[in-house]
Amino acid sequence: MPFQSPALKQVEGIPNADDKLAKAVEQYFHKHMEGLHRYAWTILRNNEAARDAVQTVFLKLWEKRSTIDEQQSVQSWLYTSVYNYCLNVKRNEAVRIKYTADQQFQSTTLVYTDPLLSKEQQQQIRDALESLPPQCKLIFHKSRFENMKYAAIAAELDISIKTVEAQIGKALKILREKLSQVLVMIILYATL
């Protein structure tokens with residue numbers, strides 16, 4: 001029989017404090033799991049990410065089970081923790097999208113070399129493309145420079161096709177506004 005410390009030994013029939021806390025956490029899990037998952041899903045719109053958020057929060061609760069004060073609302077702590085975790089996920093996703101877009105634009109040539117376009121006009125086009133919002137820039141780049149179809153972009157970025165269409169429309173509108181003078185010059189050169 002392995003050595004057991006008298007302090008850790010449980011008296012038969014009397015549950016120790018850790019058993020009570022473990023059962024309390026298990027009860028909170030069964031009581032709040034579905035509601036927390038729905039709440040996380042409304043924020044993240046992704047089933048796997050919502051499940052991860054809830055599991056992470058319950059893991060934190062498990063780690064802090066010895067400090068649970070049942071006089072305070074554990075339910076409000078759970079919902080607040082899920083909310084904060086989801087906001088962090090969305091913030092990290094936005095940073096990842098911006099970083100990915102920046103990396104893709106740095107690694108590809110955005111404007112082909114055309115003898116009709118001066119270096120200044122090429123720079124204006126690059127600047128206009130760089131001024132697009134991060135997600136808009138990423139979607140426009142995938143569509144126009146990687147020749148991806150809207151459905152493929154939507155699947156890769158886990159967004160709807162309508163969102164891809166809206167972002168492409170937004171990008172084209174911004175580019176038309178910013179490049180109106182360059183477009184006039186290109187048309188004038190082409191008609192000479």
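Because only heavy atoms are used, hydrogens play no part in the values below, and waters and symmetry mates are left out as well, while side chains stay in.
Interatomic distance, CD1 of Ile153 versus CD1 of Ile161, reported as 10.0 Å (0.5 Å rounding).
Remark: Arg96 engages no residue in a side-chain hydrogen bond (donor to acceptor under 3.5 Å, both in side chains) (not counting sequence neighbours). For Glu165, the salt bridge (charged side-chain N to carboxylate O under 4.0 Å, His left out) partners two or more places apart in sequence, or in a different chain, are Lys162. Judged as a side-chain hydrogen bond (donor to acceptor under 3.5 Å, both in side chains), and not counting sequence neighbours, the contacts of Ser160 are Thr163. Ser76 meets the side-chain hydrogen bond (donor to acceptor under 3.5 Å, both in side chains) test with Ser73; sequence neighbours excluded. By the side-chain hydrogen bond (donor to acceptor under 3.5 Å, both in side chains) test, Glu177 is found to be paired with no residue, residues two or more places apart in sequence or in another chain being considered. By the salt bridge (charged side-chain N to carboxylate O under 4.0 Å, His left out) test, Arg144 is found to be paired with no residue, residues two or more places apart in sequence or in another chain being considered. Checked against side chain to side chain contact (heavy atoms under 4.5 Å, CB included), Lys170 has the following partners two or more places apart in sequence or in another chain: Pro133, Cys136, Gln167, Ile174. Remark: Arg45 pairs with no residue by the salt bridge (charged side-chain N to carboxylate O under 4.0 Å, His left out) rule, at least two apart or across chains. Judged as a side chain to side chain contact (heavy atoms under 4.5 Å, CB included), and not counting sequence neighbours, the contacts of Val74 are Tyr28, Leu61, Ile68, Leu78.
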- Between Val57 and Trp77, does a side chain to side chain contact (heavy atoms under 4.5 Å, CB included) hold up when you go through it step by step? CA-CA 9 Å; Val57 168; Trp77 182 87; 4.1 Å; yes
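Applying the salt bridge (charged side-chain N to carboxylate O under 4.0 Å, His left out) test to residues at least two apart or on different chains, none of the pairs has a partner in residues 72-84. Applying the side-chain hydrogen bond (donor to acceptor under 3.5 Å, both in side chains) test to residues at least two apart or on different chains, the pairs with a partner in residues 50-64 are Glu48-Arg51.
More than 12 heavy atoms of other residues, nucleotides or ligands lie within 6.0 Å of OH in Tyr150, so this atom counts as buried by the packing criterion.
The two residues Ala128 and Ser131 come nearest to each other via the heavy atoms O-OG, 2.7 Å. For the residue pair Lys90 and Leu44, the shortest heavy atom distance occurs at CG-CD2, 3.7 Å.
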I'd like a table of donor-acceptor pairs (distance under 3.5 Å, sequence neighbours excluded) in which one partner is a side-chain atom from residues 34-43, with atom names and distances.
unit_1: His37; atom_1: NE2; unit_2: Asn47; atom_2: OD1; d: 2.9
unit_1: Thr42; atom_1: OG1; unit_2: Tyr39; atom_2: O; d: 2.6

